[in-house]
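First up is the structure itself, then whatever we jot down about it.
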Amino acid sequence: MKVRAMLTIFTAYMALTSVSAFAHPGAHSSDEDKDIPTSCEQLANGKDYVTDVAYPEIKALQAKCESEKKPTGKAVGFKKKES
């Protein structure tokens with residue numbers, strides 16, 4: 001009998017506390033309010049633009065921006081030493 005009472009109390013407790021686990025709409029920012037970036041500067045601005053790479057156009061833009069940041073392998077500012 002004690003087991004049944006404890007199980008009932010535990011079930012009631014879990015039912016009441018699980019309601020608080022649901023996220024309310026205003027708690028998290030939504031991508032619906034943001035625009036999709038079209039430039040590297042906009043991609044860097046995560047406040048106003050979507051930065052989720054799940055979007056194919058954002059993933060392509062991110063790859064383009066990262067490739068522009070990488071050095072080309074050419075030394076800049078160095079002169080060839082003359083013998």
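Since we're looking at a predicted model, the values are computed, not measured.
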Roughly how far, to the nearest 0.5 Å, is [atom2] of [Y] from [atom1] of [X]?
| X | Y | atom1 | atom2 | value |
| --- | --- | --- | --- | --- |
| Met6 | Tyr13 | CE | OH | 12.5 Å |
| Thr38 | Glu57 | OG1 | CD | 11.0 Å |
| Asp48 | Asp35 | CG | CG | 8.5 Å |

Exercise for the section: Mark yes or no for whether Lys34, through its side chain, and Gly46, through its backbone, hold a donor-acceptor pair below 3.5 Å. Expected result: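 Looks like yes, one N/O pair under 3.5 Å.
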
Practice task
Could you state whether Tyr49 and Leu61 fall into the same hydrophobic cluster, counting links through intermediate Ile, Leu, Val, Met, Phe, Trp or Tyr residues with side-chain heavy atoms under 4.5 angstrom apart?
Solution key: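 Different clusters.
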
Handout entry: Over all atoms of both residues, closest heavy-atom pair of Thr51 and Leu43
Key =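 The answer is CG2-O, 3.4 Å.
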
